[in-house]
Asks: 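This structure is in structure tokens; I'll ask about it shortly.
Counting starts at 1 for both ligands and their atoms, in listed order.
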Amino acid sequence: MEETRVVTQGARTLVIGLGAMGSAAVYHLAKRGHPVLGMDRFRPPHPHGSTHGETRITRRAIGEGEHYSPFAIRSHELWREIEREAGRELLTPTGLLVISSPGGSATMHVAGFLETTVAAARRYGIPHELLSAAEIRGRFPAFDVDPEDVGYFEPGAGYLRPEACVAAQLELAKRLGAELHYGETVLQVEQEGARVAVRTDRATYGAEQVILSAGPWLPELLGGPDLSGGSRAWPFSVTRQVLYWFAPQESIAPFLPERFPVFIWEPRHAAEAFYGFPAIDGPAGGVKVASGTYGETTTPDTVERAVDERSVERMYETLVAHCLPGLSSRCLKAVTCLYTVTPDAGFVIDRHPEHDRVVIVSPCSGHGFKHSTAIGEAVAELVTEGRSRLDLSPFRLGRFTTR
Ligand SMILES: Cc1cc2nc3c(=O)[nH]c(=O)nc-3n(C[C@H](O)[C@H](O)[C@H](O)COP(=O)(O)OP(=O)(O)OC[C@H]3O[C@@H](n4cnc5c(N)ncnc54)[C@H](O)[C@@H]3O)c2cc1C
């Protein structure tokens, strides 16, 4: 029997979804002493949404747009603070190598990725080096670059452990007084005047504000009768992504972090860009690589989670064999994950156009993790102070024609 609870004296803000964005939001709200209730249909970290697969690239000069850099810069400060508070390593700086080729057609998320990365590094004083193909070969021999390729190296970049970041922020949030409910699914969100009613499979809650950080389930929640905005066409679509871990041909040595930084590569010969990580778990773990796939849309409940042999072969033949010939075709592991993308590959962090007490925090088009703790902080400022120190205006929903 459903119980009805009105959380007037308790939580003032309710956070729906405790993955990358929601765990950061509850942590930063709790850190401000703000009464917050967070809930998730699973128990994060978990492998059903967008925040699993062991590693995420983090970099501060952002090729998707210079306006993202303040979030990445702030996140790097915050990850270090969270590491100290939680007593575990979250960010490992291996350096980042971006490789691109003038005239090539592969792009990472947006056109002009390398040029924007360099511009952002100059604008924000982020230490970096520009490398020729010969210099890339000399320093990082596993990358079989073309003579025309050029490189950008950011020594302070590296990778984050997404599952540990989520777990750490949830633990700290709890320690700071946040109420967290796991295994509870939100079914309906409805703003009634100055309050928002949230109906779950267990109870109905009331809160002053709601943060909607449901990751790839966001389109489903926004499609419900109370949030849909009538005929509004929301700019989110969910796409299936696959992560692959390939074994080395012979020695793992060229793929260890000292010789092999995290990388983003727009190869001259290929139609698509790809990215990857050093062999952080030695030969048994292999080298993780992935490219972005944007064809068919899906949902988290219907997506095919199994990865077939054909996809593995395609990844090896089109990208790995050409670019990283020291890797073999032996795939040690492959995992499915979900991007929720917008038409311009940008973020949406904004109040709902019809329900001003509902803040939408999108899953960020496949490049949001590195920014997530600063996004959580900015959203906490938005709901507690009415505005954030970092500029959220580039992420307004109004930039899309939604009707
Ligand atoms: C393959 C892949 C590689 C990526 N690589 C990078 C990278 O290298 N660098 C980078 O910066 N970013 C990267 N990203 C992007 C980044 O991981 C995402 O931006 C981020 O993880 C999205 O987090 P989220 O909180 O929006 O979603 P999630 O972490 O999926 O969280 C959503 C949560 O909401 C919960 N939920 C959903 N519906 C309900 C409901 N009705 N009731 C209660 N709870 C609900 C879910 O259980 C889930 O826990 C990558 C993403 C993928 C998929």
Side-chain angles (χ1 to χ4, degrees), residues 14-26 38-60 62 64 68 71-72 75 96 108-109 157-160 162-163 165-166 169-170 180-189 198-202 210-222 224 227 236 238-244 262-264 274-277 288-293 299-301 303 334-341 345 347-349 360-376 379:
L14 203 148
V15 178
I16 301 174
L18 299 174
M21 306 302 157
S23 62
V26 287
M39 54 181 65
D40 199 287
R41 66 198 304 153
F42 299 109
R43 190 181 183 95
H46 61 72
H48 311 295
S50 299
T51 309
H52 56 280
E54 302 172 10
T55 46
R56 290 289 185 268
I57 291 178
T58 184
R59 47 195 157 92
R60 290 182 301 162
I62 303 298
E64 288 87 352
Y68 292 101
F71 290 85
S75 284
L96 159 83
M108 177 53 70
H109 298 141
Y159 65 86
L160 289 156
E163 291 91 345
C165 291
V166 168
Q169 289 177 105
L170 292 177
L180 303 177
H181 295 188
Y182 299 118
E184 182 163 1
T185 301
V186 172
L187 303 173
Q188 196 181 4
V189 180
V198 174
R199 187 165 67 83
T200 75
D201 56 357
R202 283 197 219 156
V210 161
I211 295 170
L212 214 52
S213 46
W217 287 266
L218 184 65
E220 182 184 302
L221 275 175
L222 288 174
L227 290 182
F236 303 109
V238 178
T239 59
R240 177 177 181 268
Q241 308 294 324
V242 180
L243 303 162
Y244 303 87
V262 297
F263 72 90
I264 293 173
F274 80 129
Y275 60 92
F277 300 80
K288 176 181 150 184
V289 294
S291 63
T293 46
T299 73
D301 302 324
V303 65
V335 167
T336 300
C337 194
L338 295 163
Y339 279 179
T340 305
V341 291
F347 301 171
V348 172
I349 305 168
I360 299 168
V361 184
S362 80
C364 297
S365 291
H367 55 107
F369 194 84
K370 67 183 76 57
H371 307 289
S372 57
T373 193
I375 291 175
V379 168

Asks: Could you list which atoms of ligand 1 come closer than 4.0 Å to a heavy atom of Gly366?
Replies: 6 (C), 12 (N), 13 (C), 14 (N), 15 (C), 50 (C)
Asks: Pick from Arg41, His181, Gln188, Glu184: which one makes a side-chain hydrogen bond (donor to acceptor under 3.5 Å, both in side chains) with Thr200?
Replies: Glu184
Asks: Please check if the side chain of Ser23 supplies one atom and the backbone of Leu170 the other of a donor-acceptor pair under 3.5 Å.
Replies: no
Asks: Which ligand 1 atoms does Ser213 reach within 4.0 Å, using its non-hydrogen atoms?
Replies: 32 (C), 33 (C), 34 (O)
Asks: Does even one non-hydrogen atom of Glu184 get within less than 4.0 Å of ligand 1?
Replies: yes
Asks: Please find the pair of heavy atoms, one from Val262 and one from Gly158, that lie closest to each other, and give the distance.
Replies: CG2-O, 3.7 Å
Asks: List ligand 1 atoms under 4.0 Å from Pro363, heavy atoms only on the residue side.
Replies: 18 (C), 19 (O), 22 (C), 26 (O)
Asks: Where does Phe369 meet ligand 1, judged by heavy-atom distances below 4.0 Å: at the side chain, the backbone, both, or neither?
Replies: both
Asks: By number and element, which atoms of ligand 1 are closer than 4.0 Å to a non-hydrogen atom of Leu338?
Replies: 53 (C)
Asks: Check whether any heavy atom of Tyr159 sits under 4.0 Å from an atom of ligand 1.
Replies: no
Asks: Where is the nearest protein heavy atom to atom 31 (O) of ligand 1: which residue, which atom, and how far?
Replies: Gly19 CA, 3.4 Å
Asks: Output all residues satisfying side-chain contact (heavy atoms from CB on, under 4.5 Å) with Ala334, sequence neighbours left out; order by chain, then residue number.
Replies: Val242, Tyr244, Val307, Cys331
Asks: I want to know if ligand 1 touches Phe277 in the polar sense, i.e. an N/O pair below 3.5 angstrom.
Replies: no
Asks: Tell me the contacting part of Thr58 for ligand 1: side chain, backbone, both, or neither, using a 4.0 Å heavy-atom threshold, strictly below.
Replies: neither
Asks: Is Val186 in polar range of ligand 1, meaning some N or O pair under 3.5 Å apart?
Replies: yes
Asks: Find all atoms of ligand 1 within a distance of less than 4.0 Å from any non-hydrogen atom belonging to Cys337, and give their numbers and elements.
Replies: 1 (C), 52 (C), 53 (C)
Asks: Using distance alone, determine whether Arg41 and ligand 1 share an N or O pair under 3.5 Å.
Replies: yes
Asks: Hey, what do you get for CZ (Arg202) to CG (Leu187), rounding to the nearest 0.5 Å?
Replies: 11.5 Å
Asks: Would you please determine whether Gly53 falls within less than 4.0 Å of ligand 1 on a heavy-atom basis?
Replies: no
Asks: Listed by chain and number, what are the salt bridge (Lys or Arg N to Asp or Glu O under 4.0 Å) partners of Glu54, not counting sequence neighbours?
Replies: Lys333
Asks: Are any of the N or O atoms of Lys370 closer than 3.5 Å to those of ligand 1?
Replies: yes
Asks: Should Met21 be counted as touching ligand 1, given the test is an N or O pair under 3.5 Å?
Replies: yes
Asks: Hey, are the side chains of Ile211 and Val15 touching, using non-hydrogen atoms and a 4.5 Å cut-off?
Replies: yes
Asks: Indicate the atoms forming the closest heavy-atom contact of Leu221 with Val186, along with that distance.
Replies: CD2-O, 3.9 Å
Asks: Nearest to atom 35 (C) of ligand 1, what protein heavy atom do you find, and at what distance?
Replies: Asp40 OD2, 3.2 Å
Asks: Less than 4.0 Å is my threshold; does some heavy atom of His46 fall inside it relative to ligand 1?
Replies: yes
Asks: Assess whether side-chain contact (heavy atoms from CB on, under 4.5 Å) is satisfied between Val348 and Phe236, documenting all intermediate values.
Replies: CA-CA 9 Å; Val348 172; Phe236 303 109; 3.8 Å; yes
Asks: Report the nearest protein non-hydrogen atom to atom 52 (C) of ligand 1: residue, atom name, distance rounded to 0.1 Å.
Replies: Tyr339 CE2, 3.3 Å
Asks: Where do Thr373 and Gln169 land on the side-chain hydrogen bond (donor to acceptor under 3.5 Å, both in side chains) test, with the steps shown first?
Replies: CA-CA 9 Å; Thr373 193; Gln169 289 177 105; 3.0 Å; yes
Asks: State yes or no: are the ring centers of Tyr339 and His367 separated by less than 6.0 Å?
Replies: no
Asks: Please could you name the atoms of ligand 1 that Trp217 approaches to less than 4.0 Å, counting only its heavy atoms?
Replies: 37 (C), 38 (N), 46 (C)
Asks: Using every non-hydrogen atom in the two residues, find where Gln241 and Thr293 come nearest and quote the distance to one decimal.
Replies: NE2-O, 2.6 Å
Asks: Between His52 and Thr336, which heavy-atom pair has the shortest distance, and what is it?
Replies: NE2-O, 2.8 Å
Asks: Examine distances only and state if a side-chain atom of Ser75 and a backbone atom of Ala72 form a donor-acceptor pair shorter than 3.5 Å.
Replies: no
Asks: Using distance alone, determine whether Thr51 and ligand 1 share an N or O pair under 3.5 Å.
Replies: yes
Asks: Any idea which protein heavy atom is nearest atom 30 (O) of ligand 1, and the distance to it?
Replies: Ser50 N, 2.9 Å
Asks: I'd like to check which ligand 1 atoms, numbered from 1 as shown, lie under 4.0 Å from a non-hydrogen atom of Pro216.
Replies: 30 (O)
Asks: Are the side chain of Glu163 and the backbone N or O of Gly53 linked by a donor-acceptor pair below 3.5 Å?
Replies: yes
Asks: Only heavy atoms of Thr185, strictly under 4.0 Å: list the atoms of ligand 1 that pass.
Replies: 41 (N), 42 (N)
Asks: Only heavy atoms count here, so choose which of Glu64, Arg56, Lys288, His48 is nearest to atom 6 (C) of ligand 1.
Replies: Arg56
Asks: Hey, is the main chain of Asp201 close enough, under 3.5 Å, to the side chain of Thr185 for a donor-acceptor pair?
Replies: no
Asks: Looking at atom 3 (C) of ligand 1, what's its closest protein heavy atom, distance included?
Replies: Tyr275 OH, 3.2 Å
Asks: Considering non-hydrogen atoms of the protein only, which is the closest contact for atom 27 (O) of ligand 1, and what is the distance?
Replies: Gly215 CA, 3.3 Å
Asks: Could you tell me which non-hydrogen atom of Phe274 sits nearest to which non-hydrogen atom of Ser291, and how far apart they are?
Replies: CB-CB, 4.0 Å
Asks: Tell me which part of Pro162 gets within contact of ligand 1: side chain, backbone, both or neither, using heavy atoms under 4.0 Å.
Replies: neither
Asks: Provide the closest heavy-atom pair for Phe347 versus Gly368 in the form atom of the first, atom of the second, distance.
Replies: CZ-CA, 3.8 Å
Asks: Looking only at non-hydrogen atoms, which of Gly17, Ala214, Gly49, Ala24 approaches atom 32 (C) of ligand 1 most closely?
Replies: Ala214
Asks: Return a yes/no value for Ile57: is any of its N or O atoms, backbone included, closer than 3.5 angstrom to an N or O of ligand 1?
Replies: yes
Asks: Would you kindly specify which portion of His367 sits under 4.0 Å from ligand 1, judged on non-hydrogen atoms: side chain, backbone, both or neither?
Replies: backbone
